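We number each residue from 1, following the sequence as shown. Remember, predicted model here, so these are calculated numbers, not experimental data. Side chains are part of it too, since the values below use all heavy atoms of this structure and drop only hydrogens, waters and symmetry mates.
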Amino acid sequence: MGKQRVIVIGATGAAGQNVVESLANHPWFELSALAASSRSAGMTYEKAIEDARFFEKTPGNEVLAMKVIDVEKASPRDYDLAFSALPSEVANVQEPRFAEHVPVISTASAYRYEPDVPILLPDVNPKHAKLIKTQKEKRGWEGFICPGPNCTTVGLVVSLKPLIDAYGVRAIHVVSEQSLSGAGEKGLRLDSTYRKSVEMNVLPYIEGEEGKVEKETNKILGRLSGDGIKEAGIIVGATCTRVHVQTVHTEAVYVDTKKPCSAEEAKETMRSYVNEAQKLKLPSMPEKTIKVFDEPEMPQPKLHRQYGGDVTLVGRLRKDPVFKNGLAYIVTSDNLDKGAGGGAVQSAEYLKAMKYF
Ligand SMILES: NC(=O)c1ccc[n+]([C@@H]2O[C@H](COP(=O)([O-])OP(=O)(O)OC[C@H]3O[C@@H](n4cnc5c(N)ncnc54)[C@H](OP(=O)(O)O)[C@@H]3O)[C@@H](O)[C@H]2O)c1
């Protein structure tokens, strides 16, 4: 069987560039079209991204020379699969237009909170993919929409999942230090007013972010029940800040487990975690998705990519006196790779391996 034809919609933005990078030389998927707004349509991909280019590796000259097309003019039936990295308000219109015909794997929040839509992270909640069947029946679509989480929620839920399985979790508080690339083009363009306001600074507020972390954590860590998801019922408090770091989000996490555990037990629980999706040996899924450090100087956003953009790094794990069964740790997660493009490609691989398309 030949490779599946893929269109990336929102391909010129920060998340879209990571989708494109994550699809380079993919064994199952072939980049057939790159789409963005009418501003970029008609330009080569290289030209369209020149002011906010974020590739770590070049996606290759052939990809850079592709002509960007206008999302609104793209015909969904020309492709087997779509990846969406559009702003939410545009995704709201374009994603269902594509999903009528083909699967849409999305980095946008537009559909995350719909009861028949999973927020999928195969290494955390693979069973939630079953909701896709309900979604297709209910909406009468040939395809479906499957979003991933907000980039700040990713590192949090990946690191919490082993603790929940082993000890249960009653409450958490998280303080994020989010990177510039998490703000998309406005965080990446050197001349943007937003970027300049973060330089040598910390912004204490990111609009909408704290609510997303609180809501998504409980949906992702909840369990599938009938035609929906029963939320996990964890008390979640979040403080989200923007810092002068190019990419990779850092979070200080404070957890109250239901059963007590020592710091060493919690570390071992995270280190040994493997779920059924990881056992499938998908092309882009590492064998272990969490790496735990004993060294107090790790993890750091600047050093994160040495270990891979698809791995969640945990360090400073210790007992904390604030909660009854308190644990505290620092987590770093690559907001563009695991948090957007790489995570989306892992979801597509999982769904294909499980024959959802
Ligand atoms: N950045 C992250 O770390 C991250 C992580 C996870 C999820 N996300 C989500 O991913 C999505 C994209 O975020 P981003 O940070 O990549 O944003 P971005 O850098 O601003 O990119 C936005 C993309 O959407 C296109 N676009 C904008 N308005 C459009 C319109 N009216 N019609 C068609 N295309 C349009 C842009 O095309 P032009 O270049 O032609 O304007 C660009 O390709 C958002 O929903 C965001 O919440 C982002």
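- K352 forms no cation-pi arrangement with Y356, by the criterion of a distance under 6.0 Å to the ring centre and an angle within 45° of the ring axis.
- Judged purely by distance below 3.5 Å, without hydrogens or angles, the side chains of R242 and Y194 pair a donor atom with an acceptor atom.
- Note on ring orientation: taking the six-membered ring where Trp is involved, the planes of F29 and F83 are perpendicular (angle over 60°, cut-offs 30° and 60°).
- The two residues A91 and A110 come nearest to each other via the heavy atoms CB-CB, 4.0 Å.
- Taking the ring centre of Y167 as origin, the terminal cationic atom of K259 falls outside the region bounded by 6.0 Å and 45° from the ring axis.
- Using a distance-only test at 3.5 Å, with no hydrogens or angles considered, no donor-acceptor pair links the side chain of R5 to the main chain of E30.
- Using a 4.5 Å cut-off on side-chain heavy atoms (C-beta onward), R316 and Y329 make no contact.
- Heavy atoms from other residues, nucleotides or ligands lying under 6.0 Å from CZ of R223 number 12 at most.
- The environment of E89 atom CD is dense: over 12 non-hydrogen atoms of other residues, nucleotides or ligands sit within 6.0 angstrom.
- Side-chain N or O atoms of E214 include none that pairs as donor or acceptor with a backbone N or O of G237 at under 3.5 Å.
- In this structure, CD1 in I105 is found 5.0 Å from SG in C146, a value given to the nearest 0.5 Å.
- Linking ILVMFWY side-chain heavy atoms closer than 4.5 Å, directly or via other members, places V331 and V158 in a single hydrophobic cluster.
- Here the side chains of T241 and Q178 are not in contact, with every heavy-atom distance at 4.5 Å or above.
- Counting only distance, with no hydrogens or angles, the side chain of H128 and the backbone of P118 share no donor-acceptor pair below 3.5 Å.
- With contacts defined as side-chain heavy-atom distances shorter than 4.5 Å, the pair D70/S37 does not qualify.
- Residues V71 and V6 do not share a hydrophobic cluster, defined by chaining ILVMFWY side chains whose heavy atoms lie under 4.5 Å apart.
- Side chains of P147 and T107 form no contact here, defined as non-hydrogen atoms less than 4.5 Å apart.
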**Request:** Could you check D116 against K138 for salt bridge (charged side-chain N to carboxylate O under 4.0 Å, His left out), going step by step and ending with a plain yes or no?
**Result:** CA-CA 8 Å; D116 58 344; K138 197 176 130 191; 3.6 Å; yes
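- In this structure a side-chain-to-backbone donor-acceptor pair under 3.5 Å is missing from H249 to V154.
- Using a cutoff of 4.0 Å between basic side-chain nitrogens and carboxylate oxygens, D123 and K161 are not scored as salt-bridged.
- With a 6.0 Å radius and a threshold of 12 heavy atoms from other residues, nucleotides or ligands, Q246 has its CD atom above the threshold.
- Residue I229 comes nearest to L131 through the heavy atom pair CD1-CD1, 3.6 Å, listed as atom of the first residue, atom of the second, then distance.
- Geometrically, K215 engages Y113 in a cation-pi contact defined by less than 6.0 Å to the ring centre and at most 45° from the axis.
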**Request:** Take N335 and T152, measure what side chain to side chain donor-acceptor pair (under 3.5 Å) needs, and give me the verdict at the end.
**Result:** CA-CA 7 Å; N335 54 289; T152 311; over 6 Å; no
**Request:** Could you walk me through whether N18 and S22 pass the side chain to side chain donor-acceptor pair (under 3.5 Å) test, one step at a time?
**Result:** CA-CA 6 Å; N18 194 274; S22 305; 3.2 Å; yes
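- With salt bridges taken as basic N to acidic carboxylate O contacts below 4.0 Å, none links R189 and D51.
- A distance-only check finds no donor-acceptor pair linking the side chain of K67 to the backbone of A33 [under 3.5 Å].
- Between the CG atom in N150 and the OG1 atom in T217 there is a gap of 8.5 Å [rounded to 0.5 Å].
- Linking ILVMFWY residues whenever their side-chain heavy atoms come closer than 4.5 Å, directly or via other members, leaves L313 and L160 in distinct clusters.
- I220 is not connected to F144 by any chain of hydrophobic side-chain contacts under 4.5 Å among Ile, Leu, Val, Met, Phe, Trp and Tyr, and they are in different clusters.
- The closest side-chain heavy-atom distance from R112 to K212 is below 4.5 Å.
- Here the closest heavy-atom approach between residue V311 and residue H304 is recorded as O-NE2, 3.0 Å.
- The structure places CD of Q300 at 4.5 Å from CG of L303, a figure rounded to the nearest 0.5 Å.
- Inspection of the S284 and Q346 side chains reveals no N or O donor paired with an N or O acceptor under 3.5 Å.
- A donor-acceptor pair is defined here as one N or O able to donate and one able to accept, closer than 3.5 Å; such a pair exists between the side chain of E210 and the backbone of C240.
- Taking hydrophobic clusters as Ile, Leu, Val, Met, Phe, Trp and Tyr residues chained together by side-chain heavy-atom distances below 4.5 Å, I119 shares a cluster with I172.
- Note on K219 versus E231: no salt bridge recorded, every NZ/NE/NH1/NH2 to OD/OE distance being 4.0 Å or above.
- Taking the charged nitrogens against the carboxylate oxygens, K279 and E276 have no contact shorter than 4.0 Å, which rules out a salt bridge.
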**Request:** Decide yes or no on side chain to side chain donor-acceptor pair (under 3.5 Å) for Y45 and T12, but give the supporting numbers first.
**Result:** CA-CA 7 Å; Y45 189 48; T12 51; over 6 Å; no
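- Remark: R77 CZ is loosely packed, at most 12 non-hydrogen atoms of other residues, nucleotides or ligands lying under 6.0 Å away.
- Contact check for S179 versus V248: no side-chain heavy atoms found under the 4.5 Å cut-off.
- N125 has its side chain out of reach of L221: every pair of non-hydrogen atoms, C-beta onward, lies at least 4.5 Å apart.
- Taking CG of L336 as the start and SG of C151 as the end, the distance is 8.0 Å to the nearest 0.5 Å.
- Expressed to the nearest 0.5 Å, how far CG of D80 lies from CD of Q4 amounts to 5.0 Å.
- Taking all atoms of both residues into account, the shortest heavy-atom contact from S106 to E95 is OG-OE2, 2.6 Å.
- For V8 against G16, the heavy-atom pair with the smallest separation is CG1-O, 4.3 Å.
- Under the 4.5 Å side-chain criterion, counting only non-hydrogen atoms from C-beta, L156 is in contact with E251.
- Looking at R139 and E114, a side-chain N of the basic residue comes within less than 4.0 Å of a carboxylate O on the acidic one, giving a salt bridge.
- Not one N or O on the side chain of R271 forms a donor-acceptor pair closer than 3.5 Å with the backbone of T269.
- No donor-acceptor pair closer than 3.5 Å links the side chain of D310 to the backbone N or O of P286.
- Under 3.5 Å, the side chains of S88 and S109 contain a donor-acceptor pair of N or O atoms.
- One N or O on the side chain of D256 and one on the backbone of N325 form a donor-acceptor pair closer than 3.5 Å.
- The CD1 atom of I206 sits 5.5 Å away from atom OG of S176, with the distance rounded to the nearest 0.5 Å.
- Of all heavy-atom pairs spanning A171 and I234, the tightest one is CA-CG2, 4.0 Å.
- Side-chain atoms of N275 come within 3.5 Å of backbone N or O of Q278 as a donor-acceptor pair.
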